[in-house]
Enquirer: 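Quick one: this structure, given as structure tokens, is what I'll be asking you about.
For clarity, every value in this text was computed on a predicted model and none was experimentally measured. To find a chain, count down the sequence lines: A is the first, B the second, and so on, and within it residues start at 1. Below, each value reflects all heavy atoms present in this structure, side chains not excepted, and no hydrogens, waters or symmetry copies.
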Amino acid sequence: MSAPDYRPTVFLPKTDFPMKAGLPEREPQILAKWQAADLYGQLRAARKGREKFIFHDGPPYANGDMHIGHALNHILKDAVVRTQTLLGKDAPYVPGWDCHGLPIEWKVEEAYRAKKQNKDEVPAAQFRAECRAYAQHWVDVQASQLQRLGINADWQKPYLTMDFEAEATIVSELLKVAESGYLYRGAKPVMWSPVEKTALAEAEVEYHDITSTQIDVAFEIVEAPNAPELVGAHAVIWTTTPWTIPVNQGIAYGPDVAYAHCQLLLADRLIADAERDSVWGQIDWSESGRYLVADNHLRAELEKRITKLLGVTAFLRPDGEYNGRDLVGAVAHHPMHHLGGFFATPRPFLPGEFVTTDQGTGLVHMAPDHGEDDFALCKAHGINPVFAVEADGRYRADWLWLGGEAKNVINPNLNAPDGPICSDLKASGALLSAGPFQHSYPHSWRSKKKVIFRCTPQWFVPMDRPMPWVEPKSRAEKGWENEGGAIDPAEEGLAASPTLRERAMEEIARVTFTPDKGRNRIGAMVEGRPDWVLSRQRAWGVPITLFVDRKTGDYLVDKEINEKIVARFREQGVDAWTPEFARELLGDRVDQYEQVTDILDVWFDSGCTHAFVLESGRWPELQWPADLYLEGSDQHRGWFQSSLLQSCATRGRAPYNAILTHGFTMDASGRKMSKSEGNTVNPLDIMQTYGADILRLWALSVDFTEDHRIGDEILKGVADQYRKLRNSFRYLLGALDGWSEKERLPVGEIPALERWVLHRLAELSVELKAAIEIYDFNRYVSLILGFVADDLSAFAMDVRKDSLYCDAPTAPTRRAWRTVLDITFHALTRWLAPVLVFTTEEVWSTRFPDAGSVHLLDWPEIDAGWNDPALARQIGLVRKLREETYLKLEELRRNKAIGSFLEARVDITTTHHDRIAALTGLDLAELLLVAEVALVPGDAEQLTVAKADLAKCARCWRHLPDVDDETQLCGRCTTVVPKTEDA
RNA sequence: GGGCCGGUAGCUCAGGGGUUAGAGCACACGCUUGAUAAGCGUGGGGUCGAAGGUUCAAAUCCUUCUCGGCCCA
């Protein structure tokens, strides 16, 4: 007899919420709704007066489309702000952009080149206007792309470093530093084009293979405290820039390099290598001086070069081994020593870690004017640049050697073996070799001519000068008070004014770093970094608004004038800095001062955003300092540091209390993305094919504190996770169809399984808050995912399908489950709102079309009292029993004895009588989704399964003893069906 | 070349001296056909980057190497 069709009497989930997400189409609609309703504004109003969480957005560079790094970075920022907001705090998000600087300048110039225009013929103000327009264009593009990502921020009023107000603030911050006397004008070797007479950035330089003249030059050793026998010998240096010899000021050695003292022997003729040993005795060798050179293959190469120059075979006969340390305190003479003056001063030997022995002689000539290593090493030993080479690449007219020489130092003839330098060196007996040498050398991209390193005046912030205007910290503040020994008042006094480096290091110790290794990284950098070079010789940026006294070299400190400068910048921006303005400010004194025309390092711009954005009052919802800065780990050298240094120099502390960093996104195989490799992943494409919520779920699922990957397989996996969440929401919506508050049951009246779900929610609530606390979004997401997949979908929802589908709508059992589903719904929509910003809104508005945005809601109300460890243990036992049972049932199923587990009977005998007691009162058949379970005490562990000998209810499909033969309904369903038909 | 950091299943991640290394997803097989382009179950899958060392015991601590990353040179 065929069963009646009871399907219409079953209460199946009902919802319009589609299984298929269609995010690429749906998301923009939701976004439009938010924009129309001013969700960000609503949120500010809703959270007004609450505890604040001040996040300060680091400015991306306004150049180009959003890439995967931007996407990750902003999703994380958005997640931080949204989770803090969810916790009830007032967490504003003011986005910003970095707008000045060379890359933009470069792009605008590129456009000029395309039109065959010369940048130098365009008025500076016009050029800057074009840079400004270019930056604004990309600000607008990126703003719309970031909004599409679902970033909830103050898009109506972002901050731009090129806002006149911002430019005024940057100037004001610079002048603050200047007024405390904490700027100095020093020098530093920069790439310099003698043709264009300008400094160049790395991006403006290209490398070409050229042939230079390589020379070996002998410097006579005149003092050697650790090895007196070296006096009279000659240190040999090798260089490919002969023109730097007239500016030599020392010799670097490697502290751990082995050197050989050699007697130079010259044969009476040229001997082929092959026959050298056989004819050795027949050669008439003459001694020709003693030389010091690295004791390895470099010695043989030097022999060859000398041989080549002299035309007779040279042999360097080793006669004593030395270590770099033997050269401590040694001094040599410059080959042009006899010229007197600059050339008469002794050339010291200096220990250089950079000295290598793979090329040259193991001894390096030092011209601090023309090399970075040279400059740093000499500076450390008190040797300063001499500025012998002028901007046009010629030696100063008053230079003792080659002064007034008409040729440019990049002129091959000047450097040639028969040129003036080599000739003079030869005449003084110092030239050991001179020949061609091929290598790659930097050239100006514009003129294609060689560039040189040349010291030019630059503005610096000193790292190690005391800052008297910054309060020293007491021992107590430093946390030293309990670290042994009594406090020595004298020591307190000595510690008076901290240096910028010291204060920055103290702040690094104080600030919270997530992950903590960030502290290590920025600490190592700040500890070892040189003074901060503030100046750039460019056009698109904030000028260094200083006047330098032409006589004393001091810069003018005049508060009144400075205030006028800042006020003018507020009106006109960077274009205010003109000679006319200088005259207006200085009046008759204008000729007494040089108006500085350098611009500021853009890192100083961004280092001031804390002042402009947090402190200025332009965004009254913000305040100084920030609770959090969040950027990629590359910003340890960038924004984190420039902000730290700027703020320590002006305010004596960091502008942030915590730093959160993320790693970089690699391709699917863990390699860095690059356009040339063609392995880039475009977030705009992902949003187009998967949707922003998928991209967000990806960003919040990976371990962002490390480098992490993205690729098709990974995104497919993320999309699968998304589908699980979406379907669970769909099921919740369907299960709660027609829910009314009258249905709600008090928590005290609901069954164990329902109370267990509440217990899990209570547990989760605590765990999720802990994850938010440490910004562990990966944990946050996987906790929710685990709950949804394992606890709800695979267990509770599966078990309660029967009640939901088949109980009478008025039945307390069904009402209890729906009560818990309602609570779960509210918890999950809120918890996932910071992650799946679009989907949760869609879910929320499906159930509550008129309730406003899900993103305005607070953390779900979850009673900590729901936490019930005893219940958790009890349900834990059930689930363990379930697992053991299903192992056996699967065998039964494989044998085709049963299909559905609902057909099965389970008999358990156990010696653990306490377990039986613990499970008393639970309907195990219901929880195991089988027909019947018998659990009895015994003297052995046994679990047997079999097909149950019970009839199947045609409505609820359970196998039960009370199924009516005629209607094929169980007792419960019998009571439900007529009621349904009545209704 | 230097500073800092990482490498656990096909994928995303737990575990940070102590049973037989786990979870979710993917995959295979099966059940269900009342979440159905869904749901449930079972299963296979790992030299914990490699090699040494410390220890009664190492994915975990140490050293070296290797691959990869960020920042410098």
Enquirer: Taking the P atom of each, how far is B:U20 from B:C48, in whole Å?
Expert: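 My reading of the P atoms in B:U20 and B:C48 gives 15 Å.
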Enquirer: Protein within reach of the bases, or only the backbone? For nucleotides 68-73 of chain B, mark each nucleotide 5' to 3' as B, S or -, using heavy atoms under 4.0 Å.
Expert: SSBSS-
Enquirer: Would you mind building the protein contact string for nucleotides 32-42 of chain B? One character per nucleotide, 5' to 3', B for base within reach (heavy atoms under 4.0 Å), S for sugar-phosphate only, - for untouched.
Expert: SSBBS-SSSBS
Enquirer: I need the minimum non-hydrogen distance between A:A925 and A:A931, along with the two atoms involved.
Expert: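 So the two residues come closest at CB-O, 3.7 Å.
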Enquirer: Quote, to the nearest angstrom, the C1' distance that separates B:A59 from B:G15.
Expert: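 My reading of the C1' atoms in B:A59 and B:G15 gives 9 Å.
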Enquirer: Could you give the CG-to-C1' distance, from A:L697 to B:C11, as a whole number of Å?
Expert: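 Answer to the nearest Å: 14 Å.
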Enquirer: Does one side chain, of A:T839 or A:Y722, offer a donor that lies under 3.5 Å from an acceptor on the other?
Expert: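 Side chains of A:T839 and A:Y722: pair found under 3.5 Å.
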Enquirer: Please measure how far the P atom in B:G49 lies from the corresponding atom in B:G2, and state the result in whole Å.
Expert: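 Approximately 24 Å lies between the P atom of B:G49 and that of B:G2.
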Enquirer: Between B:A26 and B:C62, how far is it from one C1' atom to the other, in whole Å?
Expert: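 Between the two C1' atoms, the distance is 38 Å.
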Enquirer: Specify the closest pair of heavy atoms between A:P13 and A:A735, including all atoms of both residues, with the distance to one decimal.
Expert: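 Closest approach of A:P13 to A:A735, heavy atoms only: CB-N, 3.9 Å.
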Enquirer: Give one of base, sugar-phosphate or nothing for A:R709, where a contact means two heavy atoms less than 4.0 Å apart.
Expert: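 Touches sugar-phosphate only.
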Enquirer: Are the side chains of A:Y253 and A:V355 in contact, using a 4.5 Å heavy-atom criterion?
Expert: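 They are not in contact (no side-chain heavy atoms under 4.5 Å apart), so the answer is no.
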Enquirer: Write down the distance between CZ (A:R519) and C1' (B:G3), rounded to a whole number of angstrom.
Expert: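 Rounded to the whole Å, the gap is 18 Å.
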Enquirer: Please state whether the phosphate of B:G3, meaning OP1 or OP2, lies under 4.0 angstrom from any side-chain nitrogen or oxygen of A:N520.
Expert: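 A:N520 to B:G3 OP1/OP2: no side-chain N or O under 4.0 Å.
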Enquirer: In whole angstrom, give me the gap between the P atoms of B:G39 and B:G34.
Expert: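 It comes out at 15 Å once rounded to the nearest Å.
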Enquirer: Tell me the interatomic distance from A:D516, atom CG, to B:G6, atom P, rounded to whole angstroms.
Expert: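 Atom CG in A:D516 sits about 12 Å away from atom P in B:G6.
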Enquirer: Between A:D791 (CG) and B:A23 (C1'), how many Å, whole number?
Expert: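 It works out to 12 Å between those atoms.
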Enquirer: Measuring only the C1' atom in each nucleotide, how far is B:C40 from B:G24? A whole number of Å is fine.
Expert: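 About 16 Å, rounded to a whole number of Å.
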Enquirer: Using a heavy-atom cut-off of under 4.0 Å over every strand shown, decide if A:S782 touches base, sugar-phosphate, or nothing.
Expert: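 Nothing, no heavy atom under 4.0 Å.
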Enquirer: For nucleotides B:U55 and B:A28, find the distance between their P atoms and express it as a whole number of Å.
Expert: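 Here B:U55 and B:A28 have their P atoms 49 Å from each other.
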Enquirer: Hey, could you give me the CD/CE distance between A:E372 and A:M191, rounded to the nearest 0.5 Å?
Expert: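 A:E372 atom CD to A:M191 atom CE measures 8.0 Å (nearest 0.5 Å).
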Enquirer: In plain terms, say whether A:E884 and A:K880 are close enough for a salt bridge, that is, a side-chain N and a carboxylate O under 4.0 Å apart.
Expert: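 Counted as a salt bridge, because a side-chain N and a carboxylate O are separated by less than 4.0 Å.
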Enquirer: Quiz question: by atom type and distance under 3.5 Å, do the side chains of A:H67 and A:T680 form a donor-acceptor pair?
Expert: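 No, A:T680 and A:H67 have no side-chain donor paired with an acceptor closer than 3.5 Å.
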Enquirer: Output the rounded distance in Å from NZ (A:K517) to C1' (B:G16).
Expert: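 Distance check: A:K517 NZ to B:G16 C1' gives 14 Å.
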Enquirer: Determine the interatomic distance between P on B:A58 and the same-named atom on B:A23; round to the nearest Å.
Expert: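 It works out to 24 Å between them.
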Enquirer: Is it true that a side-chain atom of A:T975 and a backbone atom of A:R972 form a donor plus acceptor pair closer than 3.5 Å?
Expert: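 Flag set: sc A:T975 to bb A:R972 pair under 3.5 Å.
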Enquirer: Give the rounded distance in Å between these two atoms: NZ of A:K716 and C1' of B:C27.
Expert: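 Value for this atom pair: 14 Å.
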Enquirer: Check for me whether the distance between the ring centres of A:Y886 and A:F901 falls short of 6.0 Å.
Expert: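 A:Y886 vs A:F901: aromatic centres under 6.0 Å.
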Enquirer: Please give, in whole Å, the distance from B:G22 P to A:L783 CG?
Expert: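 So the two atoms are 20 Å apart, to the nearest Å.
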Enquirer: In this structure, how many angstroms lie between the C1' atom of B:U12 and the CG atom of A:D776, rounded?
Expert: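 About 13 Å, once rounded to whole Å.
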Enquirer: Starting from the 5' end of RNA chain B, give me the residue, A:K896 or A:G786, whose nearest nucleotide shows up first.
Expert: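 Of the two residues, A:G786 wins.
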Enquirer: Quick one: do the A:D601 and A:W532 side chains pair a donor with an acceptor below 3.5 Å?
Expert: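 Yes, A:W532 and A:D601 have a side-chain donor paired with an acceptor closer than 3.5 Å.
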